[in-house]
Amino acid sequence: MVKGRDGNGGGGREVIRVADELRSRITEGRYPLNSMLPPQRALAEELSVSRDTIQRALAELASESWIAPRQGSGTRVIKTQRVQSYTLPGARAGRVTLRECFDEVFAGEEVVLDVFTFTSQSLDTQVKGQLERVRSGLVAPRRIIVRMLLPDESLDLPFPRALHDDNSADVNARLRERALDITHRHSESLALELRQLVAEGLVKSADLSIRHVPLVPVFKIYLMNRTQALHGPYEVKPRPIILSSSETVEALDVLGLGASLTHYARDENPDSRGSVFVVTWQRWFDSVWKYLAV
């Protein structure tokens with residue numbers, strides 16, 4: 001059995017599952033900025049887990065600066081995924097949600113996603129939300145193609161990395177193992193969900209291809225249907241990372257799911273800012289996929 005972050009297998013995975021669900025609800029707007037999360041007891045009952053699991057999942061989100069628990073007054077959402085757009089229909093004051101960007105892409109008959117990212121966590125979160133829309137009959141793509149570039153797992157990445165520890169080599173190895181576990185779990189989950197959609201006859205075909213590149217991910221980019229792009233840098237910041245139920249490490253890390261993104265769209269004018277950006281980065285992705293990725 002693959003162990004979870006707390007080193008005890010299934011229990012750790014339940015914490016991860018709950019934290020993923022809460023992140024998804026925040027990024028989709030179910031829990032808007034400055035809103036209060038439901039009480040822990042209600043979340044535990046709804047998600048069929050213990051109060052301890054809820055508390056550990058909330059601690060994970062607090063360490064990533066999504067929420068701010070306050071003694072006696074509940075837990076407030078203090079961050080959401082920010083997407084800046086001046087072209088996407090429905091943008092309010094130049095801002096949209098990541099969910100709205102994916103909603104538009106999945107409204108067509110064919111979905112093509114090319115993604116370069118540090119882990120597959122945010123992609124898995126967004127695509128799963130769209131697959132629920134497929135099952136509900138809200139959208140009906142016939143073909144889904146996903147190509148994902150991830151950093152080579154043998155790279156000595158500068159993050160996540162312990163800030164202060166006498167046994168930093170061991171801690172850094174476990175931090176890296178934790179990041180890889182997150183990537184493997186979300187990649188496997190996404191592949192399974194896509195295969196399940198085909199098995200249910202809801203899409204004609206769905207394919208996920210993953211390759212690894214010898215590049216440190218200092219940014220993430222989503223290229224969608226070769227007509228749109230979402231691009232943003234990874235912000236490096238110190239934060240506490242929970243390695244087990246009894247161990248928290250102060251580490252240097254990057255937070256991808258909460259990173260600010262800018263949306264670009266290709267139009268009829270090949271010289272427009274959006275067209276140049278999308279075409280340029282699509283060429284970059286195709287070249288890296290062909291010549292550097294394995």
Side-chain angles (χ1 to χ4, degrees), residues 20 23-24 27-28 81 83-85 87-89 96-135 138-151 182-198 202-213 215 217 219-232 234 256-257 259-266 274-275 277-290 292-293:
D20 286 346
R23 286 190 200 93
S24 177
T27 58
E28 291 177 4
Q81 183 87 53
V83 179
Q84 198 76 20
S85 175
T87 56
L88 196 67
V96 294
T97 66
L98 188 57
R99 174 63 179 265
E100 288 172 308
C101 295
F102 274 82
D103 282 352
E104 182 182 13
V105 172
F106 273 78
E109 289 193 1
E110 182 172 87
V111 177
V112 179
L113 299 174
D114 289 336
V115 179
F116 174 57
T117 182
F118 178 41
T119 73
S120 51
Q121 182 181 35
S122 54
L123 179 65
D124 182 37
T125 298
Q126 292 303 320
V127 172
K128 280 183 177 176
Q130 295 302 318
L131 299 189
E132 288 306 311
R133 296 179 72 223
V134 173
R135 289 191 172 94
L138 297 175
V139 292
R142 302 307 302 157
R143 188 182 184 199
I144 302 173
I145 303 171
V146 182
R147 295 191 299 175
M148 182 161 52
L149 287 172
L150 294 170
I182 291 173
T183 297
H184 295 162
R185 179 171 48 81
H186 284 283
S187 298
E188 292 166 5
S189 173
L190 180 55
L192 179 62
E193 287 289 333
L194 290 173
R195 290 199 302 269
Q196 183 64 37
L197 215 60
V198 175
L202 295 174
V203 299
K204 184 176 181 181
S205 64
D207 180 66
L208 170 64
S209 299
I210 299 175
R211 293 185 181 180
H212 295 83
V213 290
L215 300 174
F219 64 87
K220 70 164 53 181
I221 188 162
Y222 296 92
L223 295 159
M224 302 174 290
N225 290 347
R226 294 183 174 265
T227 60
Q228 298 184 54
L230 287 166
H231 178 269
Y234 281 109
L257 197 56
S260 295
L261 301 171
T262 302
H263 173 264
Y264 299 87
R266 188 176 180 179
S275 295
F277 188 94
V278 172
V279 170
T280 299
W281 280 98
Q282 187 67 63
R283 287 175 178 168
W284 174 86
F285 186 96
D286 290 341
S287 67
V288 171
W289 183 269
K290 181 177 181 179
L292 293 182

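The figures that follow rest on heavy atoms only: side chains count, while hydrogens, waters and symmetry mates do not.
- Note: R23 CZ to Q121 CD = 4.5 Å, rounded to the nearest 0.5 Å.
- Between the CG atom in L113 and the CG atom in L208 there is a gap of 10.0 Å [rounded to 0.5 Å].
- With T280 contributing its side chain and F277 its backbone, the two residues share no donor-acceptor pair below 3.5 Å.
- Between H231 and Y264, the distance from one ring center to the other does not fall under 6.0 angstrom.
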* To do: Just do the side-chain contact (heavy atoms from CB on, under 4.5 Å) check on T183 and F118 with the steps written out, would you?
  => CA-CA 8 Å; T183 297; F118 178 41; over 6 Å; no
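- Atom OG of S189 sits about 9.5 Å away from atom CG of L194, to the nearest 0.5 Å.
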* **Stepwise side-chain hydrogen bond (donor to acceptor under 3.5 Å, both in side chains) test for S209 and D207** => CA-CA 7 Å; S209 299; D207 180 66; 3.1 Å; yes
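- Taking all atoms of both residues into account, the shortest heavy-atom contact from L223 to W281 is CD1-O, 3.5 Å.
- The residues E110 and R143 are annotated as salt-bridged, a charged nitrogen and a carboxylate oxygen being separated by less than 4.0 angstrom.
- Here the closest non-hydrogen pair linking K204 and V198 is O-CG1, 4.1 Å.
- In this structure, the side chain of R142 engages the main chain of L202 through a donor-acceptor pair within 3.5 Å.
- The pair D20-R185 meets the salt-bridge criterion, since a charged nitrogen lies less than 4.0 angstrom from a carboxylate oxygen.
- In this structure a side-chain-to-backbone donor-acceptor pair under 3.5 Å is present from R211 to W289.
- The CD1 atom of I182 lies 6.5 Å from the NE2 atom of H186; values are rounded to the nearest 0.5 Å.
- Paired with N225 under the rule side-chain contact (heavy atoms from CB on, under 4.5 Å), one option of D114, V112, V278 passes, and it is V112.
- Summarising the geometry of V139 relative to P141, their closest heavy-atom pair is C-CD, 3.6 Å, with the distance given to 0.1 Å.
- Pairing each heavy atom of H263 with each of C101, the nearest pair is CD2-SG, 4.2 Å.
- Contact detail for Y234 and F219: the closest heavy-atom pair is CE1-O, 3.3 Å.
- Residue L150 comes nearest to T117 through the heavy atom pair CD2-O, 3.5 Å, listed as atom of the first residue, atom of the second, then distance.
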